[in-house]
Amino acid sequence: MCGIVGYIGRQKAAPLILEGLKRLEYRGYDSAGVAVLENGRFSVAKRIGRVANLEKDGATQRLAGTAGMGHTRWATHGGVTDANAHPHLSSDGTIALIHNGVIENYAQIKAFLIDKGYTFKSETDTEVLCNLIAYHHAKEPAGHNGDSRFVESVRKTLRHAEGTYGIVVMALDAPGELVTARKGSPLIIGLGDGESLVASDVAAIVSRTQNVVYLKDGEIAHLTAKNLAITTLGAGAVEPVIDKVTWSIADAELGTFSHFMEKEIFEQPAALENAMRGRFSEDGSTANFGGLNITAGEFRGIERFMFCACGTALHAAMVTEHMIERFARMPVECDYASEFRYRNSPLFRNTLFFVMSQSGETIDTLAALREAKRKGYKVLAVNNVVGSTIAREADGGIYQHVGPEVGVASTKAFTSQLLIGAMLALYIGRMRDLSFGEGVRFVEALKSAPGLARIALEQAAHIREIAKRFAHYTDMLFLGRLSLFPIALEGALKLKEISYIHAEGYPAAEMKHGPIALISEKCPSVFLVPSGEMLNKIISSMQEIKARKGPIIAIVTASVELPAGLADETIVVPEAHEAVLPIIMSIPVQLLSYYIAVERGCDVDKPRNLAKSVTVE
Ligand code: M6R
């Protein structure tokens, strides 16, 4: 959720922080704010709306200090108001704070602080944390373990805080220092040339440095321009591990595209290539994964698989379920991570868990991972963001390697998850009944995916025209069968989240058990129509819709010939192997949603009420 940036160095902090905030805006965009420490006081500029609003405001231009922090908010406690925007100052003016997360016991802490004479200007849990740090800071003698008094006051506060947080704190009497700490909300420290940065996402700091330290839960970092010291909540010292970020700032910029979603849709051929690079065996008959941390022998002992994920990632897991069952003939179960974590469902022995998450920070998915581990199961992760909490807590996993995904609507991360799911099916299948020849053909099919995706993208201009004719509808159905049913769900999710059109995904044949009641000339259906054994069944479903005057968009593979007049619009994609078909069918579905949203004038990359990674419950 919220975006966080902190800077301490030789440059004016405010412009660097604003630049970082713009790159993080996809994390939250209700309001934005910056605070710098200058001339012995905190100067704060904050306002509701986008970072651009804040930047236009002359107040940020006047901020001259070389240490500061900024925040983009996705509201949890308290409405969207200037007063609730971060940074917050303690009522005695000694501490400034930005926060991502939720402090669950804020009401008790607030009552305690009111009793001590602290006052509050906002409705946020963050201001409570800020005042509690000020309270401890005012009382704190010199710290333990060589820590400054400042770090110790943060530590004492966090020992009382229940909930989740990623925070950056500044103290009036410690002008050359930032303190940052996390529990459940990501924070990355950047070590530059005579400057230090902290952010909730690499995108905000990669233009300044590629040397980063991923802060872990329960750690507190004390930063100066040239130094970094990490301790734990228990005051133990931690040796920082410096990682190198492998992508560059160009990966996080729009280039010639109008939106990140558009850029990321068109990046998919390259993303697919990256996701499979170096992951096939030398004999070309199976997949190889470096980081599973589970031996082939252990894998052979597995009797079933369980996948947990949220949103788009769950749809990718559902396709993976189909692939593993189809090609490896093994039972797979998929569940919403948010349900699994509380359902306490009976689990089988010899089950291998997988979680799928682009960000690796989704709180429900993380909680599902922890619940499965608590019950003694191994959990592997399919994840895009290197060093994310899920990647670190999983027993092993597979990185997607598709670079930063900035658009809130997941696209390239989704299709790369589909690809990795198919590769997993191949890997498991080859340990079982899939023959050498079938394996070779499977690998060849996977290798064809980027080229086929390029051909599917050639339909963009045609889909844009269709979108113009369909953008005014208020309801839409997406219908597909077997491995394309989750793609129908994904199409409906994409359309809902970025264009605000009500949409539902259904198995095509299930439609007649209820949703058909919605059909009229006012409710179009998007059908996913591959060649093969289900074709006639799908055509029958289309006829049922047509008989009720429902407009139809048919996304067909190249050899499909539909009865004349059945579809109002047809989009043709190339024929593809069963394992690749869901990837290829996803592309027109994404483009259709994208162009409809553009046509409706929606803010595609920052849809209302949403944030890129959902790190609160
Ligand atoms: O980062 P994750 O893959 O764990 O995110 C899961 C969902 O929040 C995410 O896929 C969401 O549904 C997207 N906005 C869909 O486009």
Side-chain angles (χ1 to χ4, degrees), residues 1 26-29 74 184-186 200-203 259-262 264-265 268 271 275 307-320 334-341 354-370 379 381-394 397-400 402-418 420-421 478 486-487 489-500 503 505 586 589-594 597 602-617:
M1 315 301 264
Y26 66 95
R27 298 184 68 93
Y29 29 85
W74 189 88
S185 297
S200 43
D201 193 317
V202 171
H259 300 96
F260 280 103
M261 182 179 178
E262 182 191 22
E264 287 156 8
I265 290 174
Q268 287 178 110
F307 282 76
C308 288
C310 299
T312 289
L314 181 70
H315 300 152
M318 291 168 74
V319 176
T320 304
C334 269
D335 202 356
Y336 293 98
S338 55
E339 289 294 300
F340 172 79
R341 62 183 291 196
F354 275 91
V355 289
M356 278 195 175
S357 172
Q358 187 285 131
S359 63
E361 302 293 348
T362 300
I363 196 78
D364 290 319
T365 311
L366 181 59
L369 175 154
R370 287 177 178 160
V379 184
V382 177
N383 162 230
N384 189 37
V385 177
V386 175
S388 66
T389 309
I390 286 177
R392 280 204 310 264
E393 292 198 16
I398 305 168
Y399 276 126
Q400 295 169 231
V402 298
E405 188 180 69
V406 176
V408 166
S410 187
T411 52
K412 65 176 178 175
F414 176 62
T415 47
S416 68
Q417 285 166 345
L418 297 181
I420 288 168
F478 285 75
I487 307 304
L489 290 175
E490 175 61 7
L493 175 61
K494 286 284 89 85
L495 191 68
K496 272 188 266 223
E497 68 178 331
I498 59 169
S499 73
Y500 319 137
S586 297
V589 156
Q590 296 166 346
L591 285 169
L592 186 65
S593 303
Y594 171 71
C602 297
D603 192 346
V604 173
D605 284 335
K606 300 183 191 76
R608 70 185 179 208
N609 306 338
L610 293 175
K612 181 67 181 163
S613 60
V614 182
T615 55
V616 293
E617 236 193 301

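Whatever order the structure lists ligands and atoms in, that order sets their numbers, starting from 1.
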| task | Please name the pair of heavy atoms, one in D364 and one in C310, separated by the smallest distance, quoted to 0.1 Å. | result | CB-SG, 3.8 Å

| Nearest heavy atoms of P486 and H315, plus distance in Å | CB-O, 3.6 Å

| Worked verdict on E393 versus R370 for salt bridge (Lys or Arg N to Asp or Glu O under 4.0 Å) | CA-CA 8 Å; E393 292 198 16; R370 287 177 178 160; 2.7 Å; yes

| task | For atom OH of Y500, decide whether the heavy atoms of other residues, nucleotides or ligands shown that lie under 6.0 angstrom number more than 12. | result | yes

| field | Shortest non-hydrogen contact from F414 toward A316 | value | CE1-N, 3.5 Å

Short N or O separations between ligand 1 and the protein, below 3.5 Å:
from	atom 1	to	atom 2	distance (Å)
ligand 1	1 (O)	S359	N	2.8
ligand 1	1 (O)	S359	OG	2.6
ligand 1	1 (O)	T362	OG1	3.4
ligand 1	3 (O)	Q358	N	2.7
ligand 1	4 (O)	S357	OG	2.6
ligand 1	4 (O)	T362	OG1	2.5
ligand 1	5 (O)	T362	OG1	3.4
ligand 1	10 (O)	T312	N	3.1
ligand 1	12 (O)	T312	N	3.3
ligand 1	14 (N)	V408	O	3.1
ligand 1	14 (N)	E497	OE1	2.9
ligand 1	16 (O)	T312	OG1	3.3
ligand 1	16 (O)	S410	N	2.8
ligand 1	16 (O)	K494	NZ	3.0
ligand 1	16 (O)	E497	OE1	3.4
ligand 1	16 (O)	E497	OE2	2.4

| Have T312 and K494 got a donor and an acceptor in their side chains that come within less than 3.5 Å? | yes

